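Order of the sequence lines fixes the chain letters, A, B, ..., with proteins taken first and strands second; residue numbering starts at 1 for each chain. Keep in mind that this is a model prediction, so the values were computed, not measured.
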Amino acid sequence: MELTKHYDPAATESKWYAHWNGLGYFNSIPDNRKPFTVVIPPPNVTGVLHMGHTLNETVQDILVRRARMSGFNACWVPGSDHASIATEARVVAMLREKGIDKNSLSREEFLKYAYEWKETYGNIIYGQIAKLGCSVDWNRTNFTMDDHYYKAVISVFVDLYRKKLIYRGARMIHWDPSARTALSDEEVEYREVEGTLYFIKYPIVGTAEFITVATQRPETIMGDTAVCANPEDSRYHHLKGKKILIPLVNRQVPMIFDDYIDTQFGTGALKVTPAHDINDYTLGLKHGLQVIDTLNEDGTLSPAAEIFVGMDRFEARKKVVERLRNEGFLLKEEAYLTRVGYSQRSHAVVEPRISTQWFVKMKPLAGPALEQVLSGEIRIHPGEKFLATYKYWLENVKDWCISRQLWWGQRIPAWYDSKKRFVVAENEETAITAYRQEFGGLQEGEILTQDEDVLDTWFSSWIWPMEVFRGITEPDNREFRYYYPGSVLVTGQDIIFFWVARMIMAGMEYENEKPFSDVYFTGMVRDKFGRKMSKSLGNSPELLKLIEKYGADAVRFGIMISSPAGNDLLFDEAGMEQGRNFNNKLWNALKLVRGWSSRQAEMAGKIEDPEMNFAVTWFENRLNQGKNEIQQLISSFKLSEALKNLYSLIWDDFCSWYLEWVKPGYEQPIPPTIYAKTISFFEELLQWLHPFMPFVTEEAYHLLKDRKPGDDLCIKQFGSPGEADSKILMTGERLRSLLAAGREFRQQHHLKNIEPINRIVLSVEIFGNNQSLYTIIRRQLNASVIDFKTNEPGNDQPIHLIPFMGHQIGFQTGKKVDVVKHRKNLEEELSYYLGFLESLNKKLSNERFMHNARPEVVALEKKKKEDTEEKIAAIKLTLKS
RNA sequence: GGACUGCUAGCUCAGCUGGUUCAGAGCGCUGCUUUGACAGAGCAGAGGUCACUGGUUCGAACCCAGUGCAGUCCA
């Protein structure tokens, strides 16, 4: 079969994915091997996969495939996350486009739409994961709202409530007026914003005086219930006991004093609005102030505001300022840089709001989670970057607000009676029993009603590593005992608190065992200018289109080649082009080697014995060296470095050097032994590359040789790499330098490749008498004869001597060459070495160096001196001739 | 404001405990090369005061201190 000119990924990828999957290679069941467990960070069912996912999934697939090929029972669990608030927002928007208002729907009707949405996007995501080549076990797909998963989340809630680690209470929380729900602290993102500081005059009751306060939020003055100054601040001492009149609403409030106030900020006087600022809230509690909530849950002004009722908060701000100005209360305005909190999901400006919500007590959970990481039980990669952040967060963690005023998610298992007394229980039935026990029977006709709210989506994902194996619902099942704890978690650094820390907490709380041993943080994928990827910038490429254009292997290559762990990755299609070219290089090497299969024939001479063939011996050792390096890099999670090494091992060492060295001449035969060695080298390279680029390698593996059924690269086990002989490697280096020197000579003297070099003269000390080496030199440099008459110029034709590794080599051609230029180059080289020698001499005659430096360093310097002197001698000799 | 990380070639990054001719790789760039695997290629080449300033040391890209710039997290 004739192979195409270029490798065609589209033709092979779906074929191999179906093949692997069909034979169950990705499916795992417990056996006597060691497990290698990875749970996918479940993508949100909000949309399609982006480049961040692509990076994560690729990294995981590399690790999983490699483990599968290294004797482990590899199990990679796929799944998706219901992503409560994010998905609900998308569904609401989708409905709005259809002209349907969420509020006109019942909970059940809405959930029907949400499940439809989940079905559509969940499947798109799974399709993308498959396209990318991910070797996930499709029999183990989990969704965070699956029945068993739902039950698990509820039972964790009930359990933590019973342990008093969950409580309900009125607290100041972050409110998202757009999604109309509470948020956790982590779901708020702060940004610096240009704001205005308004200086407002508040009349002092019973006097003609004013007190001026500075505020960024004039629309909240209707909720003011005090004015406060620092007790040390002499400017306001005379106001003790006075009442202040709130402009526009004309309410009298007390003047209070507290050392919380910063005398330097603004005027040193603060308006206190306990309902709308966390600090004011605390101050209000301390001083027993009234709380007036002037906002509705959608961010419009409530009746309590008295004026501008029903108007949006930002509109109201303008109106309030306008009226304050008109009525003479506005003293001045100043530009002011301030920090504003935005909802991570809806991007609305969040409001501090007092509200009754459910919370998880975090301190007791944080301790063990911190200990796991600090003790090294869990290793974070790259550690130096994230350890401090992790530690700081856990040491300062605040209670976690887990209730959300949404429908899409696990509904909070609390049941209330008409007096708002409640019990927490798995379901309605047990709730009734529990209620009887606690409060006696229900009144005639009274029913218990379940809490309307659902749980934070992270309250479900924190048990992901356990419940995908039914570890919460059936804690002692065999699979869970086998697969848990997992091996490595690969995820983005942006969810270190949302998810990683909390999974460790849950693991410690429920299993007293970490959920994974290693955490590999990937960076954020940005565009090639370093900007975040976003729809509005149009710089977020579609995964499927990229795969269509370059092939999945090339996409994987492109994203891996430049992604050192933890660093942001600048996405550039050039990397994918490089990957595609790499595919093609492999493809063409394959074509070359396949062409030899019918040309195998015995040849006279020692070259047939692979032991005697330098190319074979050298590559064998080079391959071992490469494998050892790559193994080292992978085990320290330096995947992009490992890929780079493989790339150059294949492209440079194998294709550019080895294959050229063993390549038979035009229509010449190749010894079967050499052919067999070449096939086995190629196979090994494909195997090592397979975890990174699974498709092209599997295809090439099968085209290289006929395979028995079941002999697939996907499950082929690695052998352990042998030792590399450094002497042979050194000879290889020397050979490569010689070939380079010969090519440079040709280039400099415009000697075309088809014009032979008549004679090469070199010292026998350089390469000894391995004949196959000289064959390589003659063929690669197109030289007719090789002579060993050291330092002896030829007779009839001029010979051109070049210093080489302390010796000199000569090239004799029929052509005239540019002697002047040649000499000039040599002289330049000579002066460089003379300078270097001088610095060495200086160092060696420095007594302090000789005294203080380690002996081996001194020996090294002496060796350098000898080498340099040899080289100088060789150059001088060359110049003389 | 606090903490962390980074600053090495045009770009993206290696450079392990200070010491080989150590200033590197890939991409890009420049030149040359088209019948025998591959122009999606081959060969060769040019490119850097290792952010700056001081210090420690026989010796600093590497250690220490300070400065500047960038990014991230937390107030």
Side-chain angles (χ1 to χ4, degrees), chain A residues 3 5-7 185-186 189-190 339 382 384-393 395-396 493-494 496-497 523-524 526 528-530 550 554 558 561-564 566-572 574-575 577-596 632-633 636 638 640-641 643-645 647-648 651-652 655-656 659-660 663-668 739-748 750 752-754 780 829 832-833 835-837 839-840 842-854 856-865 867-868 871:
Chain A
L3 297 186
K5 185 164 156 63
H6 296 306
Y7 170 66
D185 296 350
E186 289 70 35
E189 288 172 349
Y190 293 91
R339 229 171 56 107
E384 66 279 9
K385 214 164 173 177
F386 299 110
L387 213 66
T389 320
Y390 180 83
K391 186 164 177 259
Y392 183 85
W393 187 77
E395 281 172 350
N396 297 282
Q493 49 184 293
D494 49 329
I496 183 166
F497 308 134
M524 187 187 288
R526 299 167 172 276
K528 64 176 168 184
F529 307 108
Y550 299 103
I561 199 68
S562 60
S563 65
N567 272 8
D568 281 357
L569 170 145
L570 304 191
F571 174 85
D572 191 345
E577 223 166 283
Q578 196 186 345
R580 183 198 59 188
N581 295 352
F582 187 35
N583 273 338
N584 205 40
K585 186 74 185 179
L586 280 168
W587 188 248
N588 279 295
L590 175 72
K591 285 203 312 202
L592 174 69
V593 174
R594 268 167 63 97
W596 299 344
Q632 183 63 40
L633 287 166
S636 51
K638 293 181 177 172
S640 88
E641 285 290 298
L643 180 56
K644 274 178 199 165
N645 270 30
Y647 177 78
S648 108
W651 199 306
D652 302 329
C655 293
S656 298
L659 288 181
E660 292 299 331
K663 187 197 253 178
Y666 186 55
E667 292 186 340
Q668 293 292 302
L739 297 182
R743 284 168 183 161
E744 202 183 340
F745 173 80
R746 276 185 178 280
Q747 186 129 343
Q748 275 178 3
H750 306 290
K752 290 192 171 154
N753 287 338
I754 40 164
Q780 294 300 306
E829 214 171 333
Y832 168 78
Y833 283 121
F836 184 67
L837 182 66
S839 81
L840 285 174
K842 234 184 222 168
K843 202 184 250 186
L844 287 167
S845 57
N846 180 340
E847 258 178 56
R848 286 192 294 182
F849 172 75
M850 297 304 281
H851 253 98
N852 296 325
R854 290 200 309 269
E856 58 269 31
V857 173
V858 176
L860 218 57
E861 295 296 313
K862 282 186 176 158
K863 175 80 170 61
K864 273 199 260 177
K865 187 183 168 185
D867 289 351
T868 311
K871 276 174 195 158

Pick base, sugar-phosphate or nothing for [X], based on heavy-atom distances below 4.0 Å to the nucleic acid.
X: A:Arg746; answer: nothing
X: A:Ala574; answer: nothing
X: A:Gln780; answer: nothing
X: A:Arg580; answer: base

Residue pair [X] / [Y], side-chain heavy-atom distance below 4.5 Å:
X: A:Lys638; Y: A:Gln632; result: no
X: A:Tyr7; Y: A:Leu586; result: no
X: A:Phe497; Y: A:Asp185; result: no

Can you tell which of [options] lies closest to the side chain of [X]?
X: A:Tyr392; options: B:C74, B:A14, B:G71; answer: B:C74
X: A:Lys585; options: B:C73, B:C38, B:U72; answer: B:C38
X: A:Lys638; options: B:G15, B:G36, B:A75; answer: B:G15
X: A:Phe497; options: B:C73, B:A37, B:C43; answer: B:C73
X: A:Glu641; options: B:G36, B:A14, B:A44; answer: B:A14
X: A:Gln578; options: B:A75, B:G26, B:C43; answer: B:G26
X: A:Glu744; options: B:G40, B:C73, B:A44; answer: B:A44
X: A:Ser656; options: B:G42, B:U72, B:A37; answer: B:G42

Subject >> Paired nucleotide for B:G24 [Watson-Crick or G-U wobble; both distances under 3.5 Å] >> reply: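 By the stated definition (distances under 3.5 Å), B:C13 pairs with B:G24.
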Original post:
Checking only heavy atoms, does the side chain of A:Arg339 share a donor-acceptor pair with the base of B:A75 at less than 3.5 Å?
Top reply: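 By the distance-only test, yes, there is a pair.
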Strictly below 4.0 Å: does [X] bring a side-chain N or O up to OP1 or OP2 of [N]?
X: A:Asn581; N: B:A41; result: yes
X: A:Tyr647; N: B:C27; result: yes
X: A:Trp651; N: B:G42; result: yes
X: A:Lys663; N: B:C38; result: no
X: A:Lys5; N: B:A39; result: yes
X: A:Lys391; N: B:A3; result: no

**OP:** Assign each of A:Gly665 and A:Ala740 to its nearest nucleotide of RNA chain B by heavy atoms, then name whichever residue's nucleotide is nearer the 5' end.
**Re:**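 Nearer the 5' end of the strand: A:Gly665.
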Subject >> Donor-acceptor contact below 3.5 Å, side chain A:Arg526 vs main chain A:Leu569 >> reply: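 No, because the side chain of A:Arg526 does not come within donor-acceptor range (under 3.5 Å) of the backbone of A:Leu569.
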Original post:
Any donor-acceptor pair under 3.5 Å linking the side chain of A:Asp568 with the backbone of A:Met524?
Top reply: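 Such a contact is found between A:Asp568 side chain and A:Met524 backbone.
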Considering only the [atom1] atoms, how many Å lie between [N] and [M], rounded to the nearest integer?
N: B:U20; M: B:G6; atom1: C1'; answer: 29 Å
N: B:G42; M: B:C4; atom1: P; answer: 46 Å
N: B:C52; M: B:C11; atom1: C1'; answer: 23 Å

